Each structure stands twice: as structure tokens, then as C-alpha cells.
2 protein chains.
Amino acid sequence: MSGPARRVTIRDVAKHAGVSVATVSRTLAGDYPVQPATRHKVLRAVRELDYVRNAQARALSVASPGAVAIVIDNVSSAYYAYIAQGVEEQAAAEGRLSLICTTGGDAERELTIVQMMREQRAEAVILVGSVVQDEDYRERMTRYAHWLAASGSRLVLAGRPPLGEGVPALTVGFDNTGGAHAVTSHLLSAGHRRILYLGLRPGHSTSDSRVAGYRAALADYRVGHDPALEVRCRFDRADGYAAMKQRLTDGPRDFTAVFAATDVVAAGAVQAIHDHGLRVPDDISIVGYDDTPPAEDIRLTTVHLPVAELGRTAVRLALSGKNPLTEPPLMLGTHIVVRNSVKRLENPR
Amino acid sequence: MSGPARRVTIRDVAKHAGVSVATVSRTLAGDYPVQPATRHKVLRAVRELDYVRNAQARALSVASPGAVAIVIDNVSSAYYAYIAQGVEEQAAAEGRLSLICTTGGDAERELTIVQMMREQRAEAVILVGSVVQDEDYRERMTRYAHWLAASGSRLVLAGRPPLGEGVPALTVGFDNTGGAHAVTSHLLSAGHRRILYLGLRPGHSTSDSRVAGYRAALADYRVGHDPALEVRCRFDRADGYAAMKQRLTDGPRDFTAVFAATDVVAAGAVQAIHDHGLRVPDDISIVGYDDTPPAEDIRLTTVHLPVAELGRTAVRLALSGKNPLTEPPLMLGTHIVVRNSVKRLENPR
DNA sequence: CACCTCCTAGAAAGCGGTTACTTGGGCCAC
DNA sequence: GTGGCCCAAGTAACCGCTTTCTAGGAGGTG
């Protein structure tokens, strides 16, 4: 660490090699004829000075591919991590750098980040997962969407609801209603009629569409919908545990099965069931959603989501050149994974 | 989508507002006196044209903070994801953007990425986790380390061994030997004497230091070290399952406890044990390492690693201005988490 | 009223590259 | 021997923004 590390520029290389900057630039680009002797002089100077081009400066004059920005709640939950992984993979495959930003679920921060990405001239901004969307948020994000479009960037909403008609944003997501319908039907066909839904608070778009599938399946089987069977908790394992525990302790035990809105919530619920001295699936059946890692460990029947594929698709969509105003939302299919958490009832009540 | 989206520049704003580009720049910077009337004219033009500064161009003239690059095997394994999360958090807190790149464990790709990060003028490059390090790799990475240092960037090795003396790279990691010693001692003090080590292939630095702790603890208890009790498999759950299954089927069942090098391997092993009709901890005790999510679900006694803290520390270290040549490696402490996977033996053999 | 000072805004020179245009030398044909 | 052509290398403008330096007008003072 001796002295101020002045970065070596193309001009230094030119001087060192005794040629003009143009020659250095051309040698490095390789798309213009340069005499072997000169090219060697240049390359030697480059080596001796440890010169590397400045990508930022380069981007000024040459139309280089911009970065892909992933804006995500956090990267430590498996669901988001897999999406991020998919985004990064595809971005790298298409020769783009990935910028990653976490919001911690804060809508305000998300808006700030989108602005930052405009300054960075990101080629694509991929908004992942849900965020509480009030009217103010929607209005501002819509404005940003127009700005991004005007400057040639793409906005992709991955796994979240569209912003509305006429907003230049691409959308890709899972068929949550269909998946919830399938997994609820699985319980119903096993003879369960009283199914507790353990989900996130209303207004949370992902949970809402899962509730919709749950209700639709009940309707298909002509089972009355009982609001008292819809319990709401927050996202994580501890919340699932607490909610289940409370229900087992205080509430009526008038259900034979549980549909947890996410596997993590299901994992918490399973632990509460065990702590209560009951067994899965013998005493209570349970299904989850997402097919994230805990599902396999607790032998949970759940709905598999192609999460990494969501990330990859988001990038492909962003770089595809499709018109964001006319391109319809893309829906990725889901499928149910049967493990060992549902018991078939012989005599359905 | 009408016409070629020409980006609006500071000159456009200047013309639109009827002032000079300098005035626009100064108004936006806010650090130079500008008449209220003029400033309003400028701001109106900015609003009307949806102008945002080009951060890349800006970086050319003003010494702006560079990005922090995270170079990581993948982001979908919980261990890495938490590190990445820590890095991103701290980078954001220090006003830096995070670039994320995955290598898929490919050393060659890692080297390429480091070069790319030099072009990007990243302020810090954080190499996370292990990669197979042959002589060629070490030599080239050492060269890159010097280059990065010469251009004022910081290289941080997070959770991997130092490159060697005189290499300008900062190092931060976990005390794996200590952790392995602690958890092995836990088994020994519970009366276990024949402990199977289920680890990664030799040469893998993380596994090697865990083996060292395992052997040291055995020595402390004056228990002979039996090479036949060290089984090697690969990283993931399926490999842990296969290795354990094979040992239970073919190998001698001459052990009462298992020390799995990672929780994920432990999770696979537990499943194999169950599939073999045995129970944990009644028939076989098992401990893991990392304290990643599966550990809680399978009630695994394991070693907790402050992974997010590793990420944060890496960033702090990189931006601290410490001399990478003289700064000693930083070791983050670990602690054992006792759950329910170890049985106390009454009559130790 | 002349002069000086202060304040604001403009002109222009970078930052580190790329590239259109220009130049000069070697080679060939007449 | 001279004109024409081609090729390699140099000159300089430009990418979008910041900032130093300079200019000019307002306002205060003798």
C-alpha cells in the first residue's frame, strides 16, 4: 500500500508502448488490423503495467449490455434464494452482470432502489416476490415503470401481481390458485372435509390467490366454506408454530387436515402438532406449498414451484424484446408432490 | 415502444431549461449556490424530461464508491445464501451496490469473474466458500490479488483458507477446527467412543479443518483414531443419504454415533438411518455442522455458524482501509447448539 | 459616479475510453 | 519516374457528467 493507487489508463499504455491510444484500443478490441510487431509492443505494455480497461468508461462510448437488477425481499429464505439463483444463472448466460438488492419487505426502499437502477442504466429490473402494495406505492411504481420504459429498460414483476392495464411491465408468476386447488383437492379426495387454512394476512397477493384455490376446491366438492377455518399468521416458521399451537390449545379441534400457505409455516405447524403430543399424518394431515427444503425433511406433501425457472424466465422475458405493453402475463405451471403427511380417511365425516 | 429510446442527457435538460449544463449539474448536486428562479427552471425541465443522471458517466469524473462483488458457488444453498445476505446488507449500509456472481464451484469461472470485476472497478471482491485449489489456481489468483491491490481494490477471502504469505488479501473465516472439536467432545462426553465421520473429500479445506478438530477431540479423550471410521462423500443431501445407506448395508456397524460434516449431509444420513429401520438418537446418535435450516426440523445437535455475520464482516473488513498485507486472518467464533439427536450412553464401551 | 467586491452562471477542460476521419509510407502499374 | 491505391497508425471528436476557471452584472462604498 505505497502511495495513492493511481489507476493506469489507456494513455499510460500508449505512452509506454510508444503508440497512440487508438492503436491500443484497437489492439485490445481485436477487430481492426494491427501490425504484429505493434500489437506485441502493445500487449507487452499492457502486461507490464497490469492494464485493464475501465468498463464504466467503455460503456459511455460503446453500447454495452446493461446489468440485470434483482430486487428481492431477502436472499436467505429458500424461496427467494432459488429465484435469485435462476436470475443470476440466466443473466450470466446472456452475458449480463447481476446487481442484487434486498428490500427487507420495505416498499419505500424498493422504490428507492428502482430509482437507483435507473441511474445505473440497468437493462432489466426484476422485482421479485410480494410487497405490501398500497395505492401510493402502485401509483409511484407505475410512474417508474413508464420512466424505465422510456429509457429503454425493462421492468419485470416476478411472482407478484401485475400493476395494471397500460403499465409497461412484464409479468411472470406461478399459477397459485391452480396449485392450491390441486393440493386442497388432494386432501378432499383423501376424505378430509374440515381443512384448516393456515395462511398469510389478507391483502398479501400470493396468499390471496392460494386462498382462492382452496375455496374453489371446497366448492367443487360441495363442502361449505367456514371462515373460522381460515387462520392467518405471518411468514415464518415461528409464526406457523405459534398459530398452530394456539389453535390446538384454545380453539376447537374441529379439523382433520391443515393446508399451510407455505412449507415453512407448515414446518412450524408440524412441530406444534408434535409438541402437542399428536402425530402427522395419523392424527392430523397437513400439506404445504412451495416445495422448499424443509418439505423433504418432514416428509411433507406439497406443491412444487419451479422457482429457479421463474428467475430464468424473468430474465429471458426481459431480454426478449417483447413489448411490455401487450405481452400477456406468463404463468408457470406447478405440480403436487406427494410425500407422507396426508392420511386417507376411511369414513369421511 | 415508439422509436429508438434515446436517453435524455444533461444537455437536453440544459437546452430545455435554457441554461448551461454546468448549472444543471450544480442544481442536481446541490452543493453550489444557484438562484431559486434558475433552480426551479432546471427542476421543472428535469421533471418534464424524466431525466436521471447516468451513474456510469458520473463515476468517470467524480470519485464514487465502487461496487462490492460477491463471488459465490451458488446462492440456493442456505449456507451461501446467508453469507450473501450478510454481504448485501452491509454493502447497502455502507452505500455500495452489490454485484453477485455464481461460479457453480468452477475455479476457472471464478478467475474469469475476478478479471471482470477488475474491469468493473469493483471496490471490493469477496470470494466466498471453497473451491478446489490446485497449484495453478493459487498462482493465478495470487497474481490477480496483486493486481487488484495495485488498482486500489480489496480482495477478501470469506470462509476459505488464506492464499499465503505476502499476498494482499484479507481473510475472514470460522474456527472450524474449534467447532468440530466442541461437537466431537459433546459426543465423547455422552459416552460415545466409536464415532463415524461423514465428510467431504480430503483436500477440501473446510472439511479438512473439521476433520482436524474431530481427531484432536478423539486424542484428548485418548480414543484411538480409526481411519475406517472416516467416510467421504460429496456435498449434498443425496450424497449423505447414499453414503450412510451404503455403510449401514455393507460396512460394519461398529459405531454408535455419526459426525456429519454439514447439516445437509446429516439430513440425508438421518433419512438413510430411518429407512434402515433405525431411530435417531435411540439407535444412532448424530451431530451436524452449520446450523442451517434442516437442523431445526430434524432436531439436530449441531454447530452454529454466524454466517450472515461472516458476510457483514467481510464487507466491513474490505472497506476498513486495513492493510491486506499485514492484517491477520479474522476468526469468527462458533457455538454448539444442543437439540435432540444425541443419546447419552450409560455404559460406554 | 467610479471602483471594488461578491455572487451567479457560462465556457471549457477533463474523466477513460472508442472511432470517424486523416495522414503517410510502401508497393504496384503505367 | 510518377500517379494511384491500400494499409497501418495517428489525430481528434465524442460518450455524459463534473469542476475549474472566467466573465459579467448587481450592489455597496468613497
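Below, each value reflects all heavy atoms present in this structure, side chains not excepted, and no hydrogens, waters or symmetry copies. The model shown is predicted, which means the values in this text are computed figures rather than measured ones.
Side-chain contact between B:L148 and B:R154: absent, with no pair of heavy atoms (C-beta onward) separated by less than 4.5 Å. Using a 4.5 Å heavy-atom cutoff, the side chains of A:L127 and A:M141 are in contact. Residues A:H16 and A:Y51 fail the side-chain proximity criterion, which asks for heavy atoms closer than 4.5 Å. A:V75 is not listed as a side-chain neighbour of B:E88, based on a closest heavy-atom distance of 4.5 Å or more.
Counting only residues at least two apart or in different chains, salt bridge (charged side-chain N to carboxylate O under 4.0 Å, His left out) contacts with residues 90-106 of chain B comprise B:R96-B:E123. For residues 21-45 of chain A, every residue pair satisfying the salt bridge (charged side-chain N to carboxylate O under 4.0 Å, His left out) rule, not counting sequence neighbours, is listed here: A:R44-A:E48. Applying the side-chain hydrogen bond (donor to acceptor under 3.5 Å, both in side chains) definition to pairs two or more places apart or across chains, none involves residues 62-73 of chain A.
Contacts between residues 23-44 of chain B and DNA chain C, defined by a heavy-atom separation below 4.0 Å, involve B:T23, B:R26, B:Y32, B:P33, B:V34, B:Q35, B:T38, listed by number. For the segment residues 59-69 of chain A, the set of residues with a heavy atom within less than 4.0 Å of an atom of DNA chain C comprises A:L60, A:S61, A:V62, in numerical order. Within a heavy-atom distance below 4.0 Å of DNA chain D, no residue of residues 112-124 of chain B is found. For residues 13-22 of chain B, proximity to DNA chain C is found at B:V19, B:S20, B:A22, defined as any non-hydrogen atom under 4.0 angstrom from a strand atom.
Rounded to 10 degrees, the angle separating the terminal axes of the helix from C:dC1-D:dG30 to C:dC30-D:dG1 is 70°, with each axis obtained from five end pairs.
The CD1-C1' distance, from A:I10 to D:dA12, rounds to 14 Å in whole Å. We find that CD of B:Q56 is positioned 12 Å from C1' of D:dC17, with the value rounded to whole Å.
Closest non-hydrogen pair, B:V13 versus B:V42, comes out as CG1-O, 4.3 Å.
Checked by atom type and distance alone, the side chain of A:R109 pairs as donor or acceptor with a backbone atom of A:T102 at under 3.5 Å. A distance-only check finds a donor-acceptor pair linking the side chain of A:S153 to the backbone of A:A122 [under 3.5 Å].
Considering only residues two or more places apart in sequence or on other chains, B:S25 meets the side chain to side chain contact (heavy atoms under 4.5 Å, CB included) condition with B:I10. Partners of B:A314 by side chain to side chain contact (heavy atoms under 4.5 Å, CB included), not counting sequence neighbours, listed by chain and number: B:I126, B:V156, B:A158, B:V172. Under the side chain to side chain contact (heavy atoms under 4.5 Å, CB included) criterion, A:D50 pairs with B:R118, B:W147, sequence neighbours left out. For the side chain to side chain contact (heavy atoms under 4.5 Å, CB included) test, residues two or more places apart in sequence or in another chain that qualify with B:A308 are B:R312.
One N or O donor and one acceptor, one from the side chain of B:R11 and one from the base of D:dG16, sit under 3.5 Å apart.
Note on B:R58: a side-chain N or O is less than 4.0 Å away from OP1 or OP2 of D:dT18.
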Practice item. Report the C-alpha distance between A:E119 and A:Q115 in whole Å, list the side-chain angles of each, state the deciding distance to 0.1 Å, and finish with yes or no for side-chain hydrogen bond (donor to acceptor under 3.5 Å, both in side chains). Key: CA-CA 7 Å; A:E119 295 196 1; A:Q115 272 300 67; over 6 Å; no
